[in-house]
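As structure tokens, the structure follows; a few thoughts come after it.
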There are 4 protein chains.
Amino acid sequence: MSDWQDLINKLRQFNEERDWAQFHNAKDLALALSIEAAELNELFLWKKAEDADSQKVKEELADVFAFALQLADKYNLDVNQIVSDKIARNAEKYPINKAKGSAKKYDEL
Amino acid sequence: MSDWQDLINKLRQFNEERDWAQFHNAKDLALALSIEAAELNELFLWKKAEDADSQKVKEELADVFAFALQLADKYNLDVNQIVSDKIARNAEKYPINKAKGSAKKYDEL
Amino acid sequence: MSDWQDLINKLRQFNEERDWAQFHNAKDLALALSIEAAELNELFLWKKAEDADSQKVKEELADVFAFALQLADKYNLDVNQIVSDKIARNAEKYPINKAKGSAKKYDEL
Amino acid sequence: MSDWQDLINKLRQFNEERDWAQFHNAKDLALALSIEAAELNELFLWKKAEDADSQKVKEELADVFAFALQLADKYNLDVNQIVSDKIARNAEKYPINKAKGSAKKYDEL
């Protein structure tokens with residue numbers, strides 16, 4: 001079994017035991033994901049990157065992954081596949097000779 | 001090699017080829033993650049969950065995973081470990097007998 | 001008439017002409033607000049604060065205000081009142097002698 | 001004096017008393033704004049719009065306005081002007097005959 005699927009199974013069991021599927025529609029899962037992402041960002045607020053509390057980063061990042069995985073599960077997506085595909089598409093949008101050393105968006109390159 | 005380490009390696013190579021490490025401090029990676037999360041949420045805006053475009057959900061969710069993985073890499077975190085640990089801690093914060101069927105936060109249970 | 005009430009009236013008329021009240025429940029308005037906030041943040045991504053495009057900042061900030069005003073209207077809130085009240089409460093949470101020169105949250109002061 | 005300017009003046013005084021200008025670059029103000037927007041959204045998570053706690057909505061919305069106003073101040077923007085201008089531009093992007101009763105984005109109309 002893939003690592004992702006193992007985590008998804010744990011999350012499924014967690015939710016089933018608590019009868020939480022009723023709340024977990026995709027719209028609210030996406031909202032929960034963005035709220036966790038904001039909590040992660042709060043660790044960097046008014047600070048330099050290196051001054052964030054790494055223990056708390058670990059915790060908030062875990063929450064982000066947990067909701068992202070639940071969304072992947074909801075849509076029956078293979079995490080390895082979708083991320084690999086996206087990297088391949090981004091390689092086309094950001095060709096090395098144009099994008100090297102630049103932080104511009106693809107439509108400004 | 002674990003699945004997520006394989007993805008992290010692909011992301012590292014993508015960034016190295018483009019000389020992007022200079023931009024990828026943890027604070028901006030977290031910001032990028034929350035922006036991708038917002039793009040994912042936009043697919044559900046003014047709609048019911050089931051009316052979101054699933055192809056676009058797949059794309060935006062892949063972006064979310066890509067930045068979450070780059071943050072995990074930045075902090076040398078083992079994704080399986082941190083998510084499994086978080087599920088275990090959440091099981092304590094949301095005991096089944098209290099949390100079952102409830103959408104309340106742990107501090108309101 | 002107060003300034004913000006004038007803007008709320010313009011926003012109401014805009015929405016009524018387009019028959020958009022049907023989409024504008026408070027949950028989606030809040031979601032729209034956070035999406036606009038993310039678009040504002042994207043202008044600063046991978047950059048120093050001073051390198052953001054100020055024309056675009058103006059546009060995205062206007063969108064943020066527009067949705068914040070629509071939410072205030074939805075809940076019949078007086079913007080001057082709620083912000084003034086919040087400043088007063090924050091003055092208690094962040095007493096000058098403790099908070100001066102510190103970026104800590106009130107619960108860490 | 002406009003309502004907005006009165007609030008901005010109160011916020012300026014609050015920050016000056018605490019010597020917080022050093023933290024309040026535009027990038028972190030925008031980040032703070034999106035974090036407050038996420039806290040507002042959390043009030044609607046797993047719920048219908050009408051089940052959010054309206055007292056808390058008032059508080060979080062006040063925080064959103066406070067950071068939006070500080071950004072407007074940072075860029076010397078006239079809130080009435082930028083929002084009125086944006087409504088006028090949106091009226092062009094969403095002509096009544098095309099946009100009426102539709103939740104589509106302008107580029108899909």
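Chain letters run A, B, ... following the sequence lines, proteins first and then strands; every chain starts at 1.
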Worksheet entry | Donor-acceptor pair, side chain of A/Asp19 and main chain of B/Lys100, under 3.5 angstrom |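 Side chain of A/Asp19 to backbone of B/Lys100: no pair is present.
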**Asked** Can you check whether A/Lys47's main-chain N or O pairs, donor with acceptor, with B/Lys27's side chain at less than 3.5 Å?
**Response**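 Yes; judged by distance alone, with no hydrogens or angles, the pair exists.
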Counting only non-hydrogen atoms closer than 4.5 Å, does [X] touch chain A with its backbone (N, CA, C, O), its side chain (CB onward), both, or neither?
X: B/Leu77; value: side chain
X: B/Leu29; value: neither
X: B/Glu17; value: both

Measure [X] against the heavy atoms of chain B and call it side chain, backbone, both or neither at under 4.5 Å.
X: A/Asn90; result: both
X: A/Ala52; result: side chain
X: A/Tyr94; result: both
X: A/Leu11; result: both

- Query: Quick check, are the ring centers of A/Phe65 and B/Trp4 under 6.0 angstrom apart?
  - Reply: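 No - the distance between ring centres of A/Phe65 and B/Trp4 does not fall below the 6.0 Å cut-off.
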Interface residue of largest heavy-atom contact number with chain A, from B/Ala62, B/Pro95, B/Ala66, B/Ser84, under 4.5 Å
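Heavy-atom pairs under 4.5 Å are most numerous for B/Ala62.
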**Item:** Interface residue of largest heavy-atom contact number with chain A, from B/Asp85, B/Asn25, B/Val57, B/Asp28, under 4.5 Å
**Value:**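 Heavy-atom pairs under 4.5 Å are most numerous for B/Val57.
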Between [X] and [Y], what is the shortest heavy-atom contact and its length?
X: A/Leu7; Y: B/Asn80; answer: CD1-OD1, 3.4 Å
X: B/Val83; Y: A/Leu69; answer: CG1-CD1, 4.5 Å
X: A/Asp3; Y: B/Ser2; answer: OD2-CB, 2.9 Å
X: A/Phe44; Y: B/Ala30; answer: CE1-CB, 3.8 Å

If we define contacts as heavy-atom pairs under 4.5 Å, which of [options] has the most with chain B?
options: A/Leu31, A/Leu40, A/Leu61, A/Leu45; value: A/Leu61
options: A/Arg89, A/Lys98, A/Glu60; value: A/Arg89
options: A/Ala37, A/Ser102, A/Ser54, A/Ala72; value: A/Ser102

**Q.** Minimum side-chain heavy-atom gap A/Leu33-B/Val64 below 4.5 Å
**A.**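 Sidechains of B/Val64 and A/Leu33: in contact.
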Atom pair CG/NZ of B/Asp78 and A/Lys58 - distance to nearest 0.5 Å:
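One finds 10.0 Å between CG of B/Asp78 and NZ of A/Lys58.
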